[in-house]
Amino acid sequence: MSLTFASWNINSIRTRAHLVKDWLDRNPDCTLLCLQEIKCEAHQFPKLFEEAGFHVAVAGQKAYNGVALISRVPLPVTTDHLPGFESDEARYIETELEEVTIGNLYLPNGNSGGDAGFAKKLNFLEALHRRSLTLQKEGRSFAFIGDYNVCPTDEDYAPKALSPDDALLRPESRAGFRRLLWSGLTDALRCLHPAGRHYTFWDYQAGAYQRNSGLRIDHALLSPRLADRLTGFTIDKDERGREKPSDHVPVVIDLT
DNA sequence: ATGGCCATACCCTATGGA
């Protein structure tokens, strides 16, 4: 049985619902799309997806953050909050698809709010690590997919795209990401492309996309048995060149 | 060498993003 699902930080679903619908129409094999930064409450989420026959689940809030799932099959939501994340911000929603648990996440950026803002980022990474251990103990296959706001290594951002002390690069952020790997998870892109620059985000400023001054911050981490099924990781870079795009592009996971 | 953007809120400039 093959399975395809995707992640996209959309930077406001109300502004870009038409881009998402177009993308889904052009990617009929994608069963589930995980969205981040929808920037609205559940009742404000565009209705056109359900009207077109999709199943939708939303963990939203006013103005900021917010995550959602758009699926071609029914969506059982296992939780709309990451256990152990000590904030009511809408940054996690989890479902099950063909016996696979899929956690859709939006990690705090960590550059705003001073020490408390950075601590919130580390708290999310710790909670995600605990979630990894819990799901493995339960014997579940799972994927944690979304906007991690972490560049795991120096190969994961364009030279000078970030200042050296940025929260996306801080040693504590990278250690939190590595701890997830040490818990047994596989970085899907690096499994298929061990080296090389593969970006998922380009800033709106300074012609970053035209100069390919990007970041790799949208990741999929797979549990051990799921990693054995990995056949594809596609970064849909062309989406960044469309009219009024998100600053992130879709990433697509293919499993046998 | 430098600066360059965008979305939201409840009224327009501040905040967060990365």
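In what follows, every chain begins at residue 1, and chains take the letters A, B, ... in the order their sequences are listed. Atoms considered below: every heavy atom in the structure, side chains included; atoms not considered: hydrogens, waters and symmetry mates.
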Just how far is it from atom CG of A:L128 to atom CG of A:L133, taken to the nearest 0.5 Å? 10.0 Å
The reported gap from CG in A:L125 to NE2 in A:H129 (rounded to nearest 0.5 angstrom) is 10.5 Å
Same cluster or not: are A:Y92 and A:F142 linked, directly or through other Ile, Leu, Val, Met, Phe, Trp or Tyr residues, by side-chain heavy atoms under 4.5 angstrom apart?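 Yes, A:Y92 and A:F142 fall within the same hydrophobic cluster.
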Between A:F177 and A:H219, does the ring centre distance come in under 6.0 Å?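 For A:F177 and A:H219, the ring centres are under 6.0 Å apart.
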Residue-phosphate contact under 4.0 Å: A:R16 side-chain N/O, B:dA7 OP1/OP2: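 So the side chain of A:R16 is within the cut-off, an N or O lying under 4.0 Å from OP1 or OP2 of B:dA7.
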Quote, to the nearest angstrom, the [atom1] distance that separates [N] from [M].
N      : M      : atom1 : result
B:dC6  : B:dC12 : C1'   : 16 Å
B:dC10 : B:dT15 : P     : 14 Å
B:dA1  : B:dT13 : P     : 35 Å

Atom pair distance, as rounded to whole Å: CD in A:E243 and C1' in B:dC5: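 Answer to the nearest Å: 15 Å.
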Matching residue for A:N65 among A:R91, A:K39, A:E37 - test: side-chain hydrogen bond (donor to acceptor under 3.5 Å, both in side chains):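 With A:N65 as partner, side-chain hydrogen bond (donor to acceptor under 3.5 Å, both in side chains) holds for just one option, A:R91.
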Kindly express the pairing pattern of DNA chain B in dot-bracket notation, using | wherever a base pairs with another strand and counting only Watson-Crick or G-U pairs under 3.5 Å. ....(((((...))))).
Classify the angle between the aromatic ring planes of A:W202 and A:Y199 as parallel (below 30°), tilted (30 to 60°) or perpendicular (above 60°).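 Judged by the thresholds at 30° and 60°, the geometry between A:W202 and A:Y199 is perpendicular.
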Per-nucleotide protein contact along nucleotides 8-18 of chain B, 5' to 3', at a 4.0 Å heavy-atom cut-off (B base, S sugar-phosphate only, - neither), is SSS----BSSB
